[in-house]
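Here's the structure we're looking at; comments come further down.
Residue numbers begin at 1 in each chain, while the letters A, B, ... track the order of the sequences.
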Amino acid sequence: MSTPLRRLERDFYRADSREVAPRLLNKVLVHGNRRARIVEVEAYAGGEDPASHAYRGRTARNATMFGPPGHLYVYFSYGVHWCANVVCGPEGTASAVLLRAAEPVAGLDEVWAARPKARRERDLLSGPGRLCQGLGIDGRHDGADLVDPLVGGPWVADDGTPPPCPPGRTPRIGISVARDELWRFTVPGSPHLSRPR
DNA sequence: CTTTGGATCGTCT
DNA sequence: GACGATCCAAAGG
């Protein structure tokens, strides 16, 4: 018998992104039949964070981050991939948590079909672009409300698995500034991380 | 196993 | 016109 999935409420997301990020570890991202346990995230701290898309103010692309917490900010990266963030903090702070890697736990057939280049299970969702591709998340989902989702739309659940204590902490990946901040959080030892350690 | 370079295009300078 | 919050294939140890 498994604990029923309980949808995260608005207040969960209203805190600082650096607090929300580790709490999202081991939560379950649901999209249709596909479910995946979040094992790696990064916090972005809005206007105070030079690595954040929101650092230079609001634009058409990052508008979702400036809205209320609990929505999904999805952007197109390197002309190739989609990446998904959860908007955090009080409305207007433009802070967010990037979803970087997850362990697929349901709907595996669909995930494999969406990730034809993956060879092993641990390659399915181990990276922000891979995660979106494998779960079928793209630009159509920018602005989606995770707290009051559309039927078949993405949302986040607690299945009773607590976050790791303590979580792994490292610098964020792929950025050229603020490299000294330890704002990447991981489930230590998970084989589904985008990178070990 | 690690390293390297190409792909590809929306966004902002 | 330059540059990414990346991924992947190819080549080398």
For residues 124-139 of chain A, which residues have at least one heavy atom under 4.0 Å from DNA chain C? G127(A), P128(A), G129(A), R130(A)
Exceeds 12 heavy-atom contacts within 6.0 angstrom, atom CZ of F66(A): yes
For T59(A), answer base if it contacts any base atom (sugar-phosphate contacts may also be present), sugar-phosphate if it contacts only those atoms, and nothing otherwise; contact means non-hydrogen atoms under 4.0 Å. sugar-phosphate
Length of the CZ-P vector between R172(A) and dG4(C), whole Å: 14 Å
Any donor-acceptor pair under 3.5 Å linking the side chain of H192(A) with the backbone of S126(A)? no
Decide if atom CG of D138(A) counts as having more than 12 heavy atoms of other residues, nucleotides or ligands within a radius under 6.0 Å. yes
Distance test, side-chain N/O of H81(A) to OP1/OP2 of dC7(C), below 4.0 Å: no
Evaluate whether atom CZ of R56(A) has more than 12 neighbouring non-hydrogen atoms of other residues, nucleotides or ligands under 6.0 angstrom away. no
Mind checking R195(A) for me? I need base, sugar-phosphate or nothing, with any heavy atom below 4.0 Å counting as a touch. nothing
Heavy atoms of other groups near E19(A) CD, more than 12 under 6.0 Å: yes
To the nearest angstrom, how far is R58(A) atom CZ from dT11(B) atom C1'? 16 Å
Between Y75(A) and dA5(C), do the rings stack, that is, sit under 5.5 Å apart with planes less than 30° off each other? no
What would the secondary structure line of DNA chain C be in dot-bracket form, counting Watson-Crick and G-U wobble pairs under 3.5 Å, with [ ] for pairs that cross earlier ones and | for pairs with another strand? ||||.|||||||.
For R100(A) and dT6(C), is the shortest distance between a side-chain N/O and OP1 or OP2 below 4.0 Å? yes
Within this structure, what is the CG-to-P distance between L99(A) and dA5(C), rounded to whole angstrom? 16 Å
CG of D123(A) versus P of dA9(C): gap in Å, rounded? 10 Å
Kindly assign one of parallel, tilted or perpendicular to the pair W82(A) and F76(A), based on the angle between their ring planes and the thresholds 30° and 60°. tilted
Is the backbone N or O of H53(A) less than 3.5 Å from a side-chain atom of N62(A), with the two atoms forming a donor-acceptor pair by type? yes
Answer with base, sugar-phosphate or nothing: what part of the nucleic acid does L98(A) contact at a heavy-atom distance below 4.0 Å? base
Looking at R140(A), I want to see if its CZ is surrounded by more than 12 non-hydrogen atoms of other residues, nucleotides or ligands under 6.0 Å. no
K117(A) has a side chain; which of dA9(C), dA7(B), dA5(C) sits nearest to it? dA9(C)
Quick note, F76(A) side chain, CB onward, closest among dC9(B), dC7(C), dC12(B) is dC9(B)
Select one nucleotide: of dT6(C), dA5(C), dT11(B), the one nearest the side-chain heavy atoms of R61(A). dT11(B)
Could you check whether atom CZ of R172(A) has more than 12 heavy atoms from other residues, nucleotides or ligands sitting under 6.0 Å from it? yes
